[in-house]
Amino acid sequence: MKYDFRRIEKDWQKYWADNQTFKAENKSDKPKYYVLDMFPYPSGAGLHVGHPLGYIASDIYARYKRHQGFNVLHPQGYDSFGLPAEQYAIQTGQHPAITTAENIKTYRRQLDQIGFSFDWSREVRTSDPSYYKWTQWIFIQLFNSWYNNESDKAEDISTLETIFSLEGNATVNAVCDDTIEPFSAEEWNSFDSKKQQQILLQYRLTYLAETEVNWCPALGTVLANDEIVNGVSERGGHPVIRKKMTQWSMRISAYAERLLKGLDKIDWTDALKESQRNWIGKSVGASVSFNVIASETKQSHQIEVFTTRPDTIFGVSFMTLAPEHDLVQQITTPEQKEAVDAYIEATAKRSERDRMADVKTISGVFTGAYAIHPFTEKLIPIWIGDYVLAGYGTGAVMSVPCGDERDYAFAKHFNIPIPNIFDGVDISEEAFSDKAKTVIGNSDFLNGMNYKKATKRAIYELEKIGQGEGKTNYRLRDAVFSRQRYWGEPFPVYYDESGMPQMIDKQFLPIELPEVEKYLPTETGEPPLGNAKKWHWLQYGDKAEIVSKEEFENSSPVGRLGGALELNTMPGWAGSSWYFNRYMDPDNPNEIASKEAMDYWKDVDLYIGGSEHATGHLLYSRFWQKFLFDKGVVPVDEYAKKLINQGMILGTSAFVHNFFGSRRYPKLFISESYYKMYKDDPNLVHTKLETMHKGSNRAYEPYIDYDMDIALMHADVSLVNSSDELDVEGFKRWRPEYKDAIFIGEKGEIIENGKGVYKVSRDVEKMSKSKYNVVNPDDIVSDYGADSLRLYEMFLGPLEQYKPWNTAGITGVHNFLKKLWKLYHQGENGSFYVDSSPLGKSDGDREALKTLHKTIKKVQEDIENFSFNTSVSTFMIAANELTAQKCTSKEILEPLLILLSPYAPHIAEELWSKLGHSGSISTAPFPKFDANHLVESSKNYPISFNGKMRFTMELPLDLSKDDIEKAVLANEKTQEQLAGRTPKKVIVVPGKIVNIVG
RNA sequence: GCUGAAGUGGUGGAAUUGGUAGACACGUUGGACUUAAAAUCCAAUGUCCAUUAGGACGUACGGGUUCAAGUCCCGUCUUCAGUACCA
């Protein structure tokens, strides 16, 4: 009987679905285990073979944990809000909900055929109103909270209002906007409601603010910092400019320190933690304020700077402000005004990208103003320069050229003095920035101190004169939360008559996305939701509805509540920042999940996903979790105990060499070697092509130019065989414009009518439709089966590694499954056969048991270390050994199938049922490893002399080290080797080599 | 520049954490079966020398520690990823 994987896999997938085999219960006597995948965005292209890699790994682990007796939660869902469906809607007019639903259907079919043990009864979709109801609810909670630095947690905004009405804001230690003016309780109570609202907004954890944002004109939306790569948009690679807009922001900076500290208690990879640490960018130092007197107005100003080196304060010889700094205009002297304005204009013109590309050029202008040194009271010239960034710290630095490379270069360039404040250091060539070796000199009260001492003392002295204080600065910026898109969560927000944002009451959630005619921004530049006819919020008592502007204005004003709704939608990371909690109780209409469910499942034990989310999703979701923890909504403040980043499976692209730039030979493809020939001697090739031209009936385009640059063009990988040979005729049929393409082979011959060979060049790249290198898992499953696909993806290499896909190699694991099947389907008719008599003590039985227990040990270790690739090899070795031993014992097969079932569940279930079991293999207990089966009575020990292998000698295994030493020395061959000498030392490592040092 | 990861046959990758390097698989070559092909099975396969027996070399490069180094230490080079005028 043949290994009919198609039938087997279909049958068992049906069985699992019919019996809800993988449904997890929220109550169980078993210990819980939560295995989570990063849920996918359902794109129109469907899955390629790279996508399931992480899912296969998590599925193996989930199935393993079920065998171990855990109640396993292994859910899956869809991050279904996103740009591509919206772009498609813009092009075709099809509602993104329809596109998304279709894509999800494809995804589900593709996922199902691989045989994952997901509990689909818990599926979530972020674009589902019953789901985003709770995303909106969380937003409201954030709006209604402020961050109290005293209790170090988020608190209800009402507690802040109480403090304001009793004490004003002087005693409040909160994370808030830095522009807040102090006020007393009396003042607060005298403010009108709007003023109070405006002030509160500056404290809320989500707030509306005029911020400089990354605006992407091509996409018509704002992007977060992590959505920009190398100065262009991550999606599409469009240019990004800075622009001021009123936007919702998330006060993630309030959690900077806790996000940093939390990393210490979770088991994530060092690389990932490190990139989160860098992103948060904590630096400890001091803020120092310098007094400035503007020569024009005679007004006094203060410039605040942040420095990590307050110990070098006596080395300050100038100050530099970012060109965008607020004070620049006020302090610039009339003589310098022209130069300063010109410089500011020039910098403003430069795009982010230019500025990044050109960091070497030193530029700046003197403002004509001077600051006063807080200790020496000397005058310090104030410059502006674009090496100081407006967005970091205060946008101003105290420049210490002797201790900072950039300040040094700036000072050298503009001939500013460079005073030396380091003892025993030569700074004539370069700045000295080694903190560890620093000894301060020439610095009054800091003289002779090291970095640590001097820093402390400097801060103390600054505080004493009220010119500064110790300060910690973070690079982490508040996250912009508004997107000018249609296909995202609507905000539960309306604007009242005074224009202040108001939250819509929980009972009216969700605020559903309205229908629009066009998915583009409106003519007046409003986001796409501005196209909706009904978009005004109207509430009478406990009834509410969304109505048109006219209906809203014509409604009776008595007891009415409402206004225009927020037209922005939430960003992609909103829905994904809390979904792991929803899986615990996905259908709950009253809460994000019930308390019982969350107390039972608590957190994710294993989270698997790509490292590209390091500073996006994985940071935002930790932020929301901490917030929800502060509010008592969730029981833990870190939601994922362990995280593994799976690597990516890359595609192997195929390229053809095309005379792309030439209008003379536009459809001519030449082989690589021929191209090399061309590079060496272009004229030779020209002549050859000319001859060929004349000798052929083909109509080349007329001669126009000699531009013969070769372009490498992607060819569809399905047109190339495993020896890199292109199916030339297939290529011509592939696209109409290549119908008359001409291929020239290695020796300059024309390839046609199946004669001749054209070899493509290869390169490894990300799998993508546009590179024609996508391998579809559907094809693999139909050719080799899901079990082969699962085994092969694991076999390719370590989980975390990036590796290219190569379909040819799958025969290895496929043959293993066939071999295993054949071992138990021998004899005349090939029907299933196992030897059910108990194993005895014969050599063969001992060998079989040894194979089994070796496999148990290795596979268990491998799963626990997530080295799934090596356990696939272990299975193959076991199958080879059992075949060689002709062992068909039930006693061996049964545990072996349980070991195999996480990897290749279908074949394991099939053989398991053939063994007479009625239920699914998935809950069968994991086999117990027994070391006794691996122990032999004696072993051939390799004996070496001075590290060189000489002979082997059989020794009983239960001998002690000393006994082994004695036995080895007494041995005849040893004596022969020693030739009468006395050995210096005998090294015995149990189970390993015996080394005699002579 | 900084941070992190890595460098092993033609290829993907193993190596019990210092103990016989190259497991397992792909590919290649040869053979068996077949009218033939596919499939399947068997054998060989790090490099070099040697008919054989066997020997020498070999884990990016150069040193070192050790009876013993892919693994540990010092230095150099290369690749990949993230980040970047962060004061």
Side-chain angles (χ1 to χ4, degrees), chain A residues 229-230 269-279 281-283 285 288 305-310 312 319-320 322 355-356 358-362 385-389 391-400 403-407 409-410 433 473-476 611-612 614-615 645 647-648 722-723 791-792 795-798 800-816 818-819 822 857-858 861 867 869-880 940-949 952 983-998:
Chain A
V229 180
N230 297 327
T269 59
D270 288 339
L272 198 133
K273 286 192 197 178
E274 201 54 35
S275 66
Q276 289 213 345
R277 283 192 194 106
N278 288 340
W279 194 260
K282 178 179 182 172
S283 36
V288 184
V305 302
F306 173 75
T307 177
T308 53
R309 297 295 302 272
T312 64
M319 291 184 76
T320 318
R355 216 162 140 168
M356 275 162 73
D358 172 36
V359 294
K360 294 250 151 62
T361 323
I362 296 159
D386 68 358
Y387 82 95
V388 177
L389 305 176
Y392 182 77
T394 59
V397 300
M398 58 175 224
S399 302
V400 184
D404 183 283
E405 256 178 72
R406 291 151 305 166
D407 294 345
F410 196 88
S433 54
N473 207 30
Y474 297 92
R475 197 186 83 112
L476 185 69
S611 58
E612 65 272 21
T615 51
N645 296 121
M648 202 180 281
S722 56
S723 319
L791 282 169
Y792 188 50
F795 181 71
L796 269 177
E800 297 91 337
Q801 205 163 295
Y802 280 57
K803 56 231 159 192
W805 176 268
N806 171 22
T807 304
I810 200 171
T811 52
V813 294
H814 188 64
N815 283 344
F816 151 67
K818 283 204 274 193
K819 197 181 281 174
K822 228 176 87 181
K857 184 164 188 269
K858 185 78 168 74
E861 278 171 7
S867 20
N869 56 328
T870 48
S871 36
V872 179
S873 299
T874 308
F875 288 129
M876 294 192 203
I877 295 167
N880 285 339
N940 267 330
Y941 270 83
I943 312 292
S944 80
F945 286 84
N946 292 340
K948 305 262 183 197
M949 281 300 308
T952 62
K984 278 188 202 151
K985 204 168 151 195
V986 179
I987 299 150
V988 180
V989 182
K992 290 171 184 167
I993 300 176
V994 178
N995 202 349
I996 301 170
V997 186

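These numbers were taken from a predicted model, which means no experiment stands behind them. Letters A, B, ... are given to chains in the order of the sequence lines, protein chains preceding strands, and every chain is numbered from 1.
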field: Donor-acceptor under 3.5 Å (A/Asp407 side chain, A/Val400 main chain)
entry: yes
- prompt: Looking at A/Tyr802, does any N or O in its side chain come under 4.0 Å of the phosphate oxygens OP1/OP2 on B/rC80?
  reply: no
message: Quick check on RNA chain B: between A/Glu274 and A/Lys819, whose nearest nucleotide comes earlier from the 5' end?
response: A/Glu274
query: Reckon A/Pro804 touches a base, only the sugar-phosphate, or nothing at all at heavy-atom distances under 4.0 Å?
result: nothing
message: I want to verify a distance call: between B/rC85, B/rC86, B/rU83, whose nearest atom is closest to the A/Tyr387 side chain?
response: B/rC85
message: Just to be sure I understand the rule, does A/Glu405 reach a base, reach only the sugar-phosphate, or reach nothing, if contact means heavy atoms closer than 4.0 Å?
response: nothing
message: Using the C1' atom as the point on both nucleotides, what is the distance between B/rG9 and B/rU3, in whole Å?
response: 33 Å
C1' gap between B/rA69 and B/rU59, integer Å: 11 Å
message: What is the distance, to the nearest angstrom, from the CG atom on A/Asn278 to the P atom on B/rG4?
response: 9 Å
- prompt: According to the Watson-Crick and G-U wobble definitions, with both distances under 3.5 Å, which nucleotide is paired to B/rA53?
  reply: none
Side chain of A/Gln801 (C-beta onward), nearest among B/rG13, B/rA87, B/rA39: B/rG13
query: Looking at B/rC26, B/rC85, B/rG82, which one has an atom nearest to any side-chain atom of A/Thr811?
result: B/rC26
query: Counting any heavy atom closer than 4.0 Å, what does A/Asn880 reach on the DNA or RNA strands: base, sugar-phosphate only, or nothing?
result: sugar-phosphate
message: The side chain of A/Arg475 is closest to which nucleotide in this list: B/rC26, B/rU83, B/rC85?
response: B/rU83
- prompt: Where the side chain of A/Thr870 is defined as all heavy atoms beyond and including C-beta, which of B/rA39, B/rG13, B/rA15 is the nearest nucleotide?
  reply: B/rA15
task: Output the single nucleotide from B/rU40, B/rA87, B/rG82 whose closest atom is nearest the side chain of A/Lys818.
output: B/rU40
- request: Remember a base hit wins even if backbone is also touched, and classify A/Asn869 as base, sugar-phosphate or nothing at under 4.0 Å, heavy atoms.
  value: sugar-phosphate
- prompt: Nearest to the side chain of A/Met876 - B/rC24, B/rA39, B/rC86?
  reply: B/rC24
- prompt: When all nucleic acid strands are considered with a 4.0 Å heavy-atom cut-off, which category describes A/Lys822: base, sugar-phosphate, or nothing?
  reply: nothing
statement: On RNA chain B, more 5' by nearest nucleotide between A/Ser873 and A/Gly395 is A/Ser873
- prompt: Which nucleotide in the list B/rG12, B/rC26, B/rA14 gets nearest to the side chain of A/Leu796?
  reply: B/rG12
message: Which residues pass the side-chain contact (heavy atoms from CB on, under 4.5 Å) test with A/Thr870, not counting sequence neighbours?
response: A/Lys858, A/Asp862, A/Ser867
Centroid separation A/Tyr474 to A/Trp279 less than 6.0 Å: no
- request: Name the closest nucleotide to the A/Ile877 side chain, picking from B/rA23, B/rC85, B/rA25.
  value: B/rA23
Identify each atom pair where a protein N or O and an N or O of nucleotides 30-33 of chain B are less than 3.5 Å apart, giving names and distance.
none

